[in-house]
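So the structure is just underneath, and the comments pick up after that.
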There are 2 protein chains.
Amino acid sequence: MTLEQTDLQRTEIFKVLSDINRLRIIRVLRHAQREMTCGEIGEKLNISKSTVSYHFKMLRNVGLTNTRRESQSKYLSLNYQTFNNFLPGFLDSL
Amino acid sequence: MTLEQTDLQRTEIFKVLSDINRLRIIRVLRHAQREMTCGEIGEKLNISKSTVSYHFKMLRNVGLTNTRRESQSKYLSLNYQTFNNFLPGFLDSL
DNA sequence: CTATTAGTTCTAATGTTATAAAACAATCGA
DNA sequence: TCGATTGTTTTATAACATTAGAACTAATAG
């Protein structure tokens, strides 16, 4: 992995973290200490489901979250490894 | 300072860090271990002076850099305190 | 003063992002 | 199967970001 590639990966992660709603999603997951569904988070943050789905995709794309399907629902959780790799200590500061 | 205000400050900082050229500027300053001028950095990164000036403003606005005028030149340096407050360990990882 | 150097701001072009409604797809319970 | 639930994709729109050239400002050397 070249320096340039790592920089690009970094900027992608920062881009994803630079939206207030995505930061809120991360905080909600962080404090819930459990996986949550789109619906739950959308309702909690008062965002339309299509917008929540869009943000979930962004988070997943850079590896900040994991998803797990169960029945009709999709469960989201934080991917601690990515946070630790790129932003050690960040989650604790949230 | 409310949680919401801190979140907004955080997203602003992430927004500034989510551009590849600004990340490059930070790396150059980090490794130079000294202040540098617009011209120096622009030449090193092959970016027009107006664009460099624009990025410098972004960095300064969120407190990631300091500036010092001396004669015709303007010297830029990293503001370590901001990095330590919001992204402890980040500079070392660069 | 005038010219030079260094940086900023204005402008216009181009591209990217966030949003929600609508249509769509997948899953499951009755 | 049918309808309800849950989430995704498409579409349109509005706002914002990045870029460099041109015009501008500030400081200084001669």
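In the text below, chain A, chain B and the rest are named by the order of the sequence lines, each starting its count at 1. Atom set for the values below is all heavy atoms of this structure, side chains included, hydrogens, waters and symmetry mates excluded.
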Rounded off to whole Å, could you give me the [atom1]-to-[atom2] distance for the [X] and [N] pair?
X	N	atom1	atom2	value
Leu23(A)	dA18(C)	CG	P	13 Å
Ile25(A)	dA18(C)	CD1	C1'	12 Å
Asp19(A)	dA18(C)	CG	P	5 Å
Asn61(A)	dT17(C)	CG	C1'	14 Å
Lys49(B)	dT8(C)	NZ	C1'	9 Å
Met58(B)	dT9(C)	CE	P	13 Å
Arg24(A)	dA18(C)	CZ	P	13 Å
His55(A)	dA20(C)	NE2	C1'	11 Å

Backbone N/O of Gly63(B) and side chain of Thr82(B): donor-acceptor pair under 3.5 Å = yes

Evaluate whether atom CG of Asn46(A) has more than 12 neighbouring non-hydrogen atoms of other residues, nucleotides or ligands under 6.0 angstrom away.
-> no

Looking at every strand, decide which applies to Ser53(B) at a 4.0 Å heavy-atom threshold: base, sugar-phosphate, or nothing.
-> base

Hydrophobic cluster membership, Leu64(B) vs Leu94(B), 4.5 Å side-chain cutoff | yes

Side-chain heavy-atom pair [X], [Y] within 4.5 angstrom cut-off:
X	Y	answer
Leu91(B)	Asn84(B)	no
Ile41(A)	His55(A)	no
Phe83(B)	Asp92(B)	no

By nearest-heavy-atom nucleotide on DNA chain C, the more 5' of Arg60(B) and Ile47(A) is Arg60(B)

Considering heavy-atom distances to DNA chain C, does Ser48(A) or Ser71(A) have its closest nucleotide positioned more toward the 5' end?
-> Ser48(A)

Side chain of Thr51(A), base of dA18(C): donor and acceptor closer than 3.5 Å?
-> no

Reading DNA chain D 5' to 3', which nucleotide is the first, and which the last, to come under 4.0 Å of any heavy atom in chain A?
-> dT5(D) to dT9(D)

Nearest heavy-atom approach of Arg22(A) to Lys15(A) is NH2-O, 3.3 Å

Report the nucleotide, chosen from dT27(C), dA18(C), dT8(C), that has the shortest atom-to-atom distance to any side-chain atom of Tyr54(A).
-> dA18(C)

